[in-house]
Amino acid sequence: MLELNFLREHREEAEQRLAKRNIDAKALLDRCRELDDLRRATQTELDGRQSELNTLSRSVGELMKAGKKDEAEAAKARSAEMKNGIAHFKEQLDATEKALQEFLVTIPNAPNAKVPAGKTPEDNVVVMQEGAIPELGPQAKPHWELGEEYGFLHMDLGVKLTGAGFPVYSGQGARLQRALISFFLDKATEAGYLEIIPPHLVNADSAFATGQLPDKEGQMYHAAVDDLYLIPTAEVPITNLYRDEILDADRLPIKNVGYTPCFRREAGSYGAHVRGLNRVHQFDKVEIVRVEKPENSYAALEGMVDHVKGLLRALELPYRQLLLCGGDMGFASAMTYDMEVFSAAQQRWLEVSSISNFETFQSNRLKLRYRGDDKKPRLAHTLNGSALALARIVAALLENNQGPEGIRIPKALQPYTGFALITK
RNA sequence: GGAGAGGUGGCAGAGUGGUCGAAUGCGGCGGUCUUGAAAACCGCUUUACCUACGGGUAACGGGGGUUCGAAUCCCUCCCUCUCCGCCA
């Protein structure tokens, strides 16, 4: 949720930045202004009347004490009259605040000045690309065939247990998952991130604060009996660790990392492009989360990108970095880099990481603040990124490294897998 | 799941109808003293919103009610803790 003060006081900037989302920013801001003006006027009126009533009520007590019963009764009568007016303005204030709040949560984050204009993924900017794309030849198999052939990935068993998009791994496949998770966690820890193991279910407050609710309701699995949501990413519980906190400045930056399974309904997405591990309902992910002072947040974003690049290099995967255009960015983000790896048998780029700076968009909902040099609470900036998401990394690893003797495991991973080759 | 207790400021903990946004202690910040530090002493120390920038309004788990007036009384929801049961 954007800050009301920002929309008011930096109207021009807000309008320009929001326009990158290809939305009618002017109309949105006009509506905001209108509601906010009404809210302020109402509050001013209400406060004045409330103040009068408070004075009167106090006088009732004093008159009673002084034994002036008649005067006290008169004051009571007068205050009873005032209450109607107060109730009216109170109602109006509540309604206006509610309307304003409901309106504000529908406005997406304002893209940063560096975000390119554009409407579709076609308009995303390739920032850099690195790593040789393997030449596999026509006999190359997509990962779902490899998984079946080698016997470590069982999409069909997942269907039996749960439904489509819930993969079952076994043997070397299972071990590879665990190896990747450990490898990513170790790398993040080396880079100064604090490991967190959070709950995998969250309440509605948490889901709201990071922006999953109310708009992306259909994305999450909901355990209705207890009204809890299965997390779509560790970002949700880990960022919410700091909900309703005012941190001392010396606690920043906060650098957390967490591994969790991630659950996504992905309603309606079926077909060839989502085969195998390309898009699943449950996958494993190691997520890095940072809380930063505003002046440091963009440097932090670049630092997170560098961290992820290091992981991809270590895994010897060809990858590229995209700067998302205004039309392709997530609702809550001010600037997002996507990292994609090339999966050589499918001949396509797969998104394996999305690294975003949310500026104050999440912290405003979270009420996550820190005390600046002037000791006044200010909203912190939050960031997060996948480092990394497993299922697609596995897909690319399998496809790119297939050979006649088996599937090669990158050197950096071998201490974790305990084998150098996946064999039949 | 059953029975009971309780939710107040960073923490601990008072307050059961009227200057209570809230005693006191601890912690934190500033100062006096000191070569320095400690101790001692003094002062300050929640947040949000509105503002004619003088101030004002709101918040004691959430919501509703009673009352001229609610942290205090009533209703309701949520949460936490203790004991019992079940259990990795």
Side-chain angles (χ1 to χ4, degrees), chain A residues 1-9 32-105 197 199-209 213 222-229 237 240-252 254 261 291 360 363-380:
Chain A
M1 185 165 70
L2 285 165
E3 292 173 81
L4 196 52
N5 279 340
F6 169 71
L7 298 180
R8 257 190 104 86
E9 288 161 28
C32 262
R33 182 62 186 242
E34 192 184 313
L35 284 168
D36 191 37
D37 284 346
L38 177 59
R39 177 189 131 256
R40 284 170 184 240
T42 308
Q43 172 132 38
T44 304
E45 184 65 34
L46 176 65
D47 283 0
R49 286 168 186 254
Q50 191 64 251
S51 178
E52 255 183 81
L53 180 63
N54 286 347
T55 307
L56 197 57
S57 292
R58 234 170 282 136
S59 79
V60 171
E62 278 156 24
L63 290 169
M64 294 289 253
K65 223 178 280 174
K68 298 176 182 168
K69 242 190 156 180
D70 291 350
E71 286 178 49
E73 286 304 324
K76 274 195 196 183
R78 237 180 307 141
S79 66
E81 283 167 33
M82 291 181 57
K83 287 176 85 176
N84 279 332
I86 286 177
H88 166 259
F89 282 103
K90 180 86 175 86
E91 256 170 55
Q92 183 173 309
L93 181 65
D94 287 348
T96 308
E97 279 180 342
K98 188 163 173 257
L100 183 57
Q101 175 77 7
E102 281 173 0
F103 186 69
L104 281 173
V105 301
I197 300 183
H200 298 170
L201 282 82
V202 294
N203 58 32
D205 284 346
S206 296
F208 173 81
L213 294 179
H222 184 216
V225 178
D226 297 294
D227 194 21
L228 295 173
Y229 294 86
N240 269 281
L241 252 19
Y242 307 98
R243 173 151 49 87
D244 295 319
E245 296 280 345
I246 301 177
L247 303 168
D248 288 331
D250 61 12
R251 283 194 60 192
L252 301 180
I254 286 169
V291 181
T360 59
S363 60
N364 193 27
R365 289 191 183 197
L366 288 156
K367 297 194 172 57
L368 161 53
R369 291 160 292 174
Y370 74 99
R371 250 175 241 289
D373 295 335
D374 56 357
K375 299 291 172 202
K376 288 261 181 292
R378 298 177 64 189
L379 292 174

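The CD1 atom of A/Ile246 sits 12 Å away from the P atom of B/C11 (whole-angstrom rounding). One can place CG of A/Asp47 at 4 Å from C1' of B/U57, the figure rounded to the nearest angstrom. Following rounding to the nearest Å, A/Lys90 (NZ) and B/C50 (C1') show an atom-to-atom distance of 14 Å. As a whole-Å value, the separation of A/Asn5 CG from B/A48 P is 11 Å.
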query = Run the side chain to side chain contact (heavy atoms under 4.5 Å, CB included) check on A/Leu38 and A/Gln92 step by step: do they pass?
reply = CA-CA 9 Å; A/Leu38 177 59; A/Gln92 183 173 309; 3.5 Å; yes
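A glycosidic torsion no more than 90° from 0 defines the syn conformation; B/G55 lies beyond that range and is anti.
Other residues, nucleotides and ligands contribute over 12 non-hydrogen atoms within 6.0 Å of the CG atom of A/Asp227.
Helical stems in RNA chain B, defined as runs of 3 or more consecutive Watson-Crick or G-U wobble pairs with donor-acceptor distances under 3.5 Å: B:1-7 with B:78-84, B:10-12 with B:24-26, B:27-32 with B:40-45, B:46-50 with B:55-59, B:61-65 with B:73-77.
At least one side-chain heavy atom of A/Ile86 sits less than 4.5 Å from a side-chain heavy atom of A/Leu46. Counting only heavy atoms from C-beta outward, the side chains of A/Val291 and A/Glu245 never approach each other to under 4.5 Å. Contact check for A/Glu34 versus A/Phe103: no side-chain heavy atoms found under the 4.5 Å cut-off.
Nucleic acid contact for A/Ser51: sugar-phosphate only, since backbone atoms but no base atoms lie under 4.0 Å from a heavy atom of the residue. Across all strands shown, A/Arg78 has no heavy atoms under 4.0 Å from either base or sugar-phosphate atoms. Looking at heavy-atom distances under 4.0 Å, A/Leu46 makes no contact with the nucleic acid at all.
Listed candidates were B/A58, B/A48, B/C50. Nearest to the side chain of A/Arg369 is B/A48. Nearest nucleotide to the side chain of A/Arg40, out of B/U47, B/U51, B/U57: B/U51.
Under the 3.5 Å distance criterion, the side-chain polar atoms of A/Ser59 are matched with a main-chain donor or acceptor of A/Leu56.
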ask   = Quick one: what's the B/S/- string for nucleotides 60-77 of chain B, heavy-atom cutoff under 4.0 Å, read 5' to 3'?
value = --------BS--------
